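Quick notes on the structure that follows.
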Amino acid sequence: MASEAEAEVAAGPEVVLPIGAQKHDPAWKHCQMVRSAGRVRLKCVYCHKHFLGGGIHRFKEHLARRPGNACCCPKVPREVQETMLHSLDAVAAKKKRKQSLAEGIRRITHSAPAAAASASPPAPADAAEMESPIHMIPLNEVLDLGSVPLEETPPETREMKGSISKKRKKLAARQASTAPLAHQNQQPLQSTPAGLTQPFHQMVVAFDSAASQLRHFDQPGSNKEQVYMAIGRFLYDAGVSLEAVNSVYFQPMLEAVASAGGKPEAFSYHDFRGSILKKSLDEVTAQLEFYKGSWTRTGCTLLADEWTTDRGRTLINFSVYCPEGTMFLKSVDATDIVVSSDPLYELLKNVVEEVGEKNVVQVITNNSEIHAVAGKRLCETFPTLFWSQCSFQCIDGMLEDFSKVGAINEIICNAKVITGFIYNSAFAFNLMKRHLHGKDLLVPAETRAAMNFVTLKNMYNLKDSLEAMISSDEWIHYLLPKKPGGVEVTNLIGNLQFWSSCAAVVRITEPLVHLLKLVGSNKRPSMGYVYAGLYQAKAAIKKELVRKNDYMAYWDIIDWRWNKDAPRPLHLAGFFLNPLFFDGVRGGTSSEIFSGMLDCIERLVSDVKIQDKIQKELNVYRSEAAGDFRRQMAIRARRTLPPAEWWYTYGGACPNLTRLAVRILSQTCSAKGCDRRHISFEQIHDQRMNLFERQRMHHLTFVQYNLRLQHRQQHKTKAFDPVSVDNIDIVDDWVVDRSALISGQAEQSNWTEINQPVNNITSMGPSDDDEFESFIEGVDDKMIQGASRGTQEDDE
């Protein structure tokens, strides 16, 4: 069937069809309905495979990668695959429950008439002439498996169902008129036959416990629209951000409410401020205790995430990172602290003591001069830890400076003309969606600076579709005559020089964009990759621009932001100990790298005898002279296992070096936290609050932020709308029509005219695991040898 579908798809162009609002299966969010060669098909948005038959269930098996009726999708995101597997299991369980319920109903319908006939008195002789106002309908026709139990259904609901179910009425009337006389003349229900121990409606209620297990608004008879509207009215009235539906806890909340059945009793305002908050605090605290248990083994990094509120306050959110997870400690109002290095040093010192000096490997703060002075004093006070600048902030600053370079800035501005025009015209927007098969020109990015280059890459990848759009009859004959700005956009999209410049900018910046995502990852510690990543970025720039006078301007930006003169021994030792770069270490490294390794030994290991042992074990590691280092398994695992895990597995011959390597390679390089919106960080520092209320607010923010930290990876795969105000800090002016603002001739479009996104799930590019795999694939012998010698030698 698959080969036939592919042959027919090749026969003609595709036309994307709208998916009806009544299609609520989660798999509809990940496919398109297209018409090609006169037939309607389902098209996977990930691998673009077409399905002619089997319906949405077969397509769901395709996404779930469950072999059987459909092939497995090779590109489906892991989160989507798990959702589809859960949905398939739920459907199978629901079907089994229905079959069990139907079997029980059949047993009652067969046994109840016999019991009634044997226990009821004989009918009177004139029974055939009596007309009863009630006609008994068979039980399996009365019972509505998709509705609430009859006992709990309000009278008006039953009347409404009767008015809607015309077929059932006709069927009941037909059965009443043609049924045998013995059934037409049943006694009124008030006088229940003696042989029946329960009235008729109680026989139906006997199956209430089984029916209540079914999800109420997944049943055919329920009104999903009413459920959606009820949730919407709550969100709108309470002023809750619509971003709340992206929470990983939103769907579990709906399922919990549905599983309660009937009318679940609503908790009060005091419940959520009291007992429920206390239970949530206990749950979060228990999880964080689990994190603490690994600190002595892997060490940890103290993170000082500094930011400014809308009211101008400077707050610092202190968290502790370890490979098991990140734990939020507290938020401090540092408005009067960050102005001088002395109070900042005292604050950092107190937090280090709170976490435990022996556990902390490094402290990461902002990159300002005041922070550097305070960090230096901190290292003098605690001789067994390092102070480090935030690598995420450094790399983001590099991308921001790149975007201000004249040639690159011109390309970005031209691209913004295209997106600003399309995203401010309902007709152009819908036409773009049709030609891009539901995709967007703008995709999520980590920061505003990264957004510039991620969008340029995405637009370049969609170049052919954009060119087809401006060549379409709708664009030429309808849009161009009505919108003068469309001429400029048409010329830009059709300009080959614009696209070649876009490609060059992408090649220059892509290594840094990937490195930014890698550093911000919480899936795998990034220490051990940053030094090589910066070398890779410089090499890509040199390869693209060739001439030293051209590429040195970008190299200078990288060196200035990285503060090359400042020592970074952890990054150098991380490169040295990362088995991925072993060939470079074995062949000899630069003096800078080896000095960084020695600095870490002296600082992180206080016992001089163990220092000497580590020095000997270094030679064993570099020469592969003993242990499991030379095993073929160990050699293959250099590119597959995380570095710290590799040392755990194969470093048995060098136990002291292994312990040190694990502590270094288990650290992060970024102090960046997660989304802080709608958490009352500023409010907890309001001195007008009651003592108890201030404690409660501290605990509330503690629970909120730690829940987000625990699940921030899931938040990266979520619904994304570029024009939403929720994304304005990242998207910036990419969706603003500047020409219309200047001329004042903006089109009077209505937001209700634009098509709602077909796919609710939009991933922020490749997953973190994919980012590491992509980075590793780009590592070759030339890159390893060059990074081992040092980037300065590459310039000579």
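None of the values given here were measured: they were computed from a predicted structure.
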Shortest non-hydrogen contact from [X] toward [Y]:
| X | Y | value |
| --- | --- | --- |
| S341 | A374 | O-CB, 3.7 Å |
| E446 | F392 | CB-CZ, 4.2 Å |
| A450 | L516 | CB-CD2, 3.8 Å |
| C674 | Y705 | N-OH, 3.1 Å |
| C390 | S670 | SG-CA, 4.0 Å |

Aromatic contact, W475 with H435 (centres under 6.0 Å):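 No, too far apart.
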Proximity of Y531 and F581 rings by center, below 6.0 Å: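 No; F581 has its ring centre 6.0 Å or more from that of Y531.
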Hey, does the side chain of [X] reach the backbone of [Y] with a donor-acceptor pair shorter than 3.5 angstrom?
| X | Y | value |
| --- | --- | --- |
| S403 | N409 | no |
| E400 | R448 | no |
| T419 | W734 | yes |
| N578 | G574 | no |
| N458 | V454 | no |

Residues two or more places apart in sequence or in another chain: which of them pass salt bridge (Lys or Arg N to Asp or Glu O under 4.0 Å) with [X]?
| X | answer |
| --- | --- |
| R434 | E474 |
| E544 | R507 |
| E510 | K457 |

Donor-acceptor pair between E306 and H371 side chains, under 3.5 angstrom: yes
CG on L534 to OH on Y529, rounded to 0.5 Å: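 Answer rounded to 0.5 Å: 15.0 Å.
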Within 6.0 angstrom of I776 CD1, more than 12 heavy atoms from elsewhere: yes
Test applied, side-chain contact (heavy atoms from CB on, under 4.5 Å); reference residue, I418; option that passes from T490, I470, V489: V489
Electrostatic pair D305:R676 at N-O distance under 4.0 angstrom: yes
Student check: side-chain heavy atoms of F421 and L479 closer than 4.5 Å: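 Result yes, sub-4.5 Å side-chain heavy-atom pair found.
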Side chains of M451 and D732 in contact at under 4.5 Å (non-hydrogen atoms): no
Geometric class of the W499/Y460 ring pair [parallel <30°, tilted 30-60°, perpendicular >60°]: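 Because their plane-to-plane angle lies in the 30° to 60° range, the rings of Y460 and W499 count as tilted.
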